[in-house]
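To start, the structure under review is shown below, and the notes come after it.
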Number of protein chains: 2
Amino acid sequence: MSTAKETAGGEMPPWAEVTPDAARRLLVAAVEAFAERGYHATTTRDIAGRAGMSPAALYIHFKTKEELLHRISRIGHERALDVLRTAARGEGNATERLADAVSSFVRWHAGARTTARVVQYELDSLGPAARAEIIALRRQVDAEVRGIIEDGVASGEFDVPDVRGTTLAVLSLCIDVARWFNVNGTRTPDEVGALYADLVLRMVGASK
Amino acid sequence: MSTAKETAGGEMPPWAEVTPDAARRLLVAAVEAFAERGYHATTTRDIAGRAGMSPAALYIHFKTKEELLHRISRIGHERALDVLRTAARGEGNATERLADAVSSFVRWHAGARTTARVVQYELDSLGPAARAEIIALRRQVDAEVRGIIEDGVASGEFDVPDVRGTTLAVLSLCIDVARWFNVNGTRTPDEVGALYADLVLRMVGASK
DNA sequence: ACGCAGGCTAAGCGCTCGCTCAGGCGGCGA
DNA sequence: TCGCCGCCTGAGCGAGCGCTTAGCCTGCGT
């Protein structure tokens with residue numbers, strides 16, 4: 001049911017794929033620091049300090065500070081795309097799949113908010129090559145949502161005059177969750193996911 | 001009709017209230033630089049350079065780099081709030097006022113995108129005192145939208161189970177326009193405003 | 001005619017940044 | 001037993017940062 005679990009302290013994306021252990025600790029420290037203060041305001045000394053290491057240790061595992069952001073961004077986008085695809089390509093009609101996709105995607109942005117903030121808002125601190133790679137992943141996210149909406153229009157479930165514009169708005173709504181979530185602590189990721197799924201079904205004119 | 005006009009090169013908020021002329025040129029240069037690269041990645045030398053001055057000139061008109069961001073943020077928020085209020089407190093029923101408020105607010109975020117980006121995304125580069133002042137302005141924005149939705153529920157025009165959550169989502173949708181607008185250049189601010197007004201009316205269950 | 005105040009610049013201070021380098025420590029294969 | 005290799009540190013380099021200071025123009029009141 002819930003693909004993401006979270007405890008008070010942190011989130012749980014499978015940074016497991018990052019090895020060795022010290023590199024993973026540095027990367028997790030970087031995610032926290034970037035999310036709190038932004039990429040440019042974060043120092044390599046701060047990242048290394050959070051991981052309990054000296055500043056020089058960072059450069060054994062990563063060539064530059066930007067490589068850290070690049071790896072975080074790529075893994076984060078892949079994770080988000082994976083969450084979205086699982087829901088979008090599941091069983092059910094377009095209405096059910098759209099509700100599932102939105103609530104999963106929102107749950108990820110709320111539950112893994114720290115990662116999501118870095119993924120969504122530090123994009124243009126990357127160099128041109130890395131940014132282009134990430135933008136390609138984003139287009140896949142867009143295509144996934146647009147596909148469901150097109151299915152719903154074709155089957156007559158949805159009433160959507162502007163498919164591209166509506167797709168944009170739906171994604172925009174989900175992504176912005178990373179900006180405001182948890183500022184006050186009311187509402188769980190599940191609750192926000194359910195609310196947003198309902199709002200999005202209304203936006204596409206689903207009969208409910 | 002259109003409260004904001006824009007030309008190819010720039011936007012038009014009334015930075016007129018900033019004097020003397022040199023201070024205004026510096027402030028406009030800072031808006032552009034902050035929007036392009038972010039507050040922390042922008043140097044005082046860059047700002048002064050864009051305004052055609054030496055780095056030292058900045059400190060005749062502003063005590064610190066942060067004071068620049070503070071003034072931009074305050075004026076920008078006041079302007080956005082003003083745009084929203086004009087629509088929200090106009091004539092008409094809740095449906096008309098909500099459509100008007102959303103399309104005006106979105107038009108501002110799209111048309112004055114450079115300013116809006118700084119206003120919406122550089123908030124926590126401010127110190128605690130300045131940030132608190134800005135957050136108070138944001139609460140007024142929230143109250144304005146919530147007021148319309150409550151009116152619509154009371155009059156039976158809207159069907160909204162979760163007023164606070166829906167208000168949050170509506171504002172979130174509008175604000176995020178500043179993040180993605182103009183990346184490709186299709187769609188004018190007016191078109192996005194109209195599209196979003198329609199989508200929001202669907203979200204609140206207005207009969208249209 | 002002249003002083004002076006506001007607007008500006010060239011130079012640079014003290015600091016911290018991203019990143020490097022020489023070397024130390026510890027575990028593991030031979 | 002010992003040499004090697006992966007991981008890590010202390011010290012520090014060159015650069016660029018935000019911001020200051022001393023002093024120079026220019027226009028305006030008198």
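Proteins get letters first, then strands, A, B, ... in listed order; numbering begins at 1 in each.
No donor-acceptor pair closer than 3.5 Å links the side chain of A:Gln120 to the backbone N or O of A:Ile175. Formation of a donor-acceptor pair under 3.5 Å by the A:Arg97 side chain with backbone atoms of A:Gly92 is found in this model.
Contact annotation: side chain of B:Arg45 to base of D:dG18, donor-acceptor pair present below 3.5 Å.
A salt bridge between A:Glu36 and A:Arg117 is absent, with no side-chain N of the basic residue lying under 4.0 Å from a carboxylate O of the acidic one. A salt bridge does not link B:Arg79 with B:Glu17: every distance from a Lys NZ or Arg NE/NH1/NH2 to an Asp or Glu carboxylate oxygen is 4.0 Å or more.
Not one side-chain nitrogen or oxygen of A:His40 sits closer than 4.0 Å to the OP1 or OP2 atom of C:dC17. Distances shorter than 4.0 Å separate none of the side-chain N or O atoms of B:His61 from OP1 or OP2 on C:dG6. At C:dC19, one or more side-chain N or O atoms of A:Tyr59 fall inside 4.0 Å of OP1 or OP2 (strictly under the cut-off).
If you measure from atom CE of A:Met53 to atom P of C:dC19, you get 17 Å, rounded to the nearest angstrom. Regarding B:Arg24, its CZ atom lies at a distance of 14 Å from the P atom of C:dG7, rounded to whole Å. Counting to the nearest Å, the C1' atom of C:dC19 and the CD atom of A:Glu66 are 14 Å from each other. Between A:Leu58 atom CG and D:dC8 atom P there is a gap of 11 Å when expressed in whole angstrom units. What separates CG of A:Leu26 from P of D:dC7 is a distance of 12 Å, to the nearest Å. The interatomic distance linking A:Ile60 (CD1) with D:dC7 (P) rounds to 8 Å, in whole Å. Note: CD1 (A:Ile47) to P (C:dG18) measures 8 Å, nearest angstrom. C:dC17 atom P lies 14 Å from atom OH of A:Tyr39, rounded to whole Å.
Nearest nucleotide to the side chain of B:Pro20, out of C:dG7, D:dC19, D:dT9: C:dG7. Listed candidates were D:dC7, C:dA10, D:dC8. Nearest to the side chain of B:Ser54 is C:dA10. Between C:dA10, C:dG18, D:dT9, one nucleotide has an atom nearer to the side chain of A:Thr44 than all others, and that is C:dG18.
For the residue pair B:Arg85 / B:Gln140, a side-chain donor-acceptor distance below 3.5 Å is found, with atom types taken as modelled.
Residue contacts for A:Thr43: at a heavy-atom cut-off of 4.0 Å it reaches the sugar-phosphate backbone alone, with no base atom in range.
Across the interface with DNA chain C, nearest-nucleotide mapping of A:Thr64 and B:Ala56 shows B:Ala56 to be the residue nearer the 5′ end. The 5' end of DNA chain C is approached more closely, in terms of each residue's nearest nucleotide, by B:Ala57 than by the other of B:Ala57 and A:Lys65.
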